[in-house]
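Contents: one structure, followed by commentary.
When reading the values below, keep in mind they use all heavy atoms of this one structure, side chains included, and skip hydrogens, waters and symmetry mates. Within every chain, numbering begins at 1; the chains are lettered A, B, ... in the order of the sequence lines, protein sequences first and strands thereafter.
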2 protein chains.
Amino acid sequence: MHDHHALLDHVMKEMPDDSTLDNLTRLFKVFGDRTRMRILYALSLEEMCVCAISEYLKIEQTAISHQLRVLRESRLIKSRREGKTVYYSLDDSHVHSIISEGYEHITEVH
Amino acid sequence: MHDHHALLDHVMKEMPDDSTLDNLTRLFKVFGDRTRMRILYALSLEEMCVCAISEYLKIEQTAISHQLRVLRESRLIKSRREGKTVYYSLDDSHVHSIISEGYEHITEVH
DNA sequence: ATATAATATGAATATCAATTCATATGAACG
DNA sequence: CGTTCATATGAATTGATATTCATATTATAT
């Protein structure tokens, strides 16, 4: 293996700490699932209750509930209860901007 | 289950098509891995060869190579060969902006 | 109090993706 | 041309995570 002293010194100094990188990774992992991405996109258009999401995406209610918990724990969505129904909506402006940046990347012509 | 006609009509009209959503998901999945996130961050600081990345992250060369391929296929990094050595660097300005948006989210106080 | 509707949750299963292992390729050099 | 170094790749294994299944919770209505 050849030498990389100078290079690695610089990188080591500038890299964020492990916990920051892990938090970043955890966040993007949440966007990296087909079901969650669809839920997020739908909620960016309308506040929706669990069974509306389930009906629209044609995915079982319990699978949706599990994913809503993941999204809630990442503080990307929030819920409010109205009687038996629980309504979900986006809880963060970054959802829009993160998705838009991603969208720009995938639609870029090369 | 109660009724959601009007709501779902609107969501259906505005949602991007399946392939767009799948491409978005695929992209964010790439950011959602500890090893790849570290590689991307390091490459955002310096152009690096495979063995420098491997040495720095203390991860076997072959695992790094596999992940570099994933990153290349997502058009997030590019490579150039110089003799036996292959140097990698970022291939897209969106890497910076996507990571920054994520960073803002995780550092936000609630 | 019981029944029903909407949602949530724990555990088991199924699916998918990262790492490892073995080996191949490509380049420089004697 | 054989050896060494840097990197890449296919297949096997391991590890992680999404979905399903069974069931619990919460609220409303009769």
Under-4.0 Å side-chain N/O to phosphate OP1/OP2 contact, A:Lys29 with D:dT17: yes
Taking N and O atoms by type only, does the side chain of B:Thr62 place a donor or acceptor under 3.5 Å from a partner on the base of D:dT9? yes
Gap between atoms NZ and P, on A:Lys84 and C:dA8 respectively (whole Å): 15 Å
Within this structure, what is the CZ-to-C1' distance between A:Arg81 and C:dA5, rounded to whole angstrom? 11 Å
Between P on C:dT19 and CD1 on B:Ile64, what's the gap in Å once rounded to a whole number? 8 Å
Is B:Asp22 salt-bridged to A:Arg38, going by a charged N under 4.0 Å from an acidic O? yes
Residue whose closest nucleotide on DNA chain D lies nearer the 5' end, A:Gly83 versus A:His2: A:His2
Within the pair A:Thr35 and D:dT19, is there a side-chain N or O less than 4.0 Å away from OP1 or OP2? yes
With a 4.0 Å limit, can you tell me whether B:Arg36 has a side-chain N or O closer than that to the phosphate oxygens OP1/OP2 of C:dA18? yes
Does A:Ser100 reach the main-chain N or O of A:His96 with its side chain, forming a donor-acceptor pair under 3.5 Å? yes
Write down the distance between CZ (B:Arg69) and P (D:dA11), rounded to a whole number of angstrom. 12 Å
Distance in angstrom units between B:Phe31 CZ and C:dA18 P, rounded: 14 Å
A:Arg80 has an atom CZ; how far is it from atom P of C:dA8, in whole Å? 14 Å
B:Leu90 side chain reached by B:Lys78 side chain, heavy atoms, under 4.5 Å: no
Verify the cluster assignment for B:Leu21 and A:Ile59: are they in a single hydrophobic cluster under the rule of side-chain heavy atoms below 4.5 Å apart? yes
Rounded to whole Å, CD of B:Gln61 lies from P of C:dC21 at a distance of 13 Å
Does the side chain of B:Gln67 get closer than 4.0 angstrom to OP1 or OP2 of C:dT19 through an N or O atom? yes
Atom pair distance, as rounded to whole Å: CD in A:Glu60 and P in D:dT23: 16 Å
Taking the six-membered ring for Trp, does A:His66 stack with D:dT19 (centroid gap under 5.5 Å, planes within less than 30°)? no
Check whether more than 12 heavy atoms from other residues, nucleotides or ligands sit under 6.0 Å from atom OH of B:Tyr103, and answer yes or no. no
Determine the contact category for A:Thr85: base if any of its heavy atoms lies under 4.0 Å from a base atom, sugar-phosphate if only primed atoms, P, OP1 or OP2 are that close, otherwise nothing. sugar-phosphate
Is any side-chain N or O of A:Tyr88 closer than 4.0 Å to OP1 or OP2 of C:dA6? no
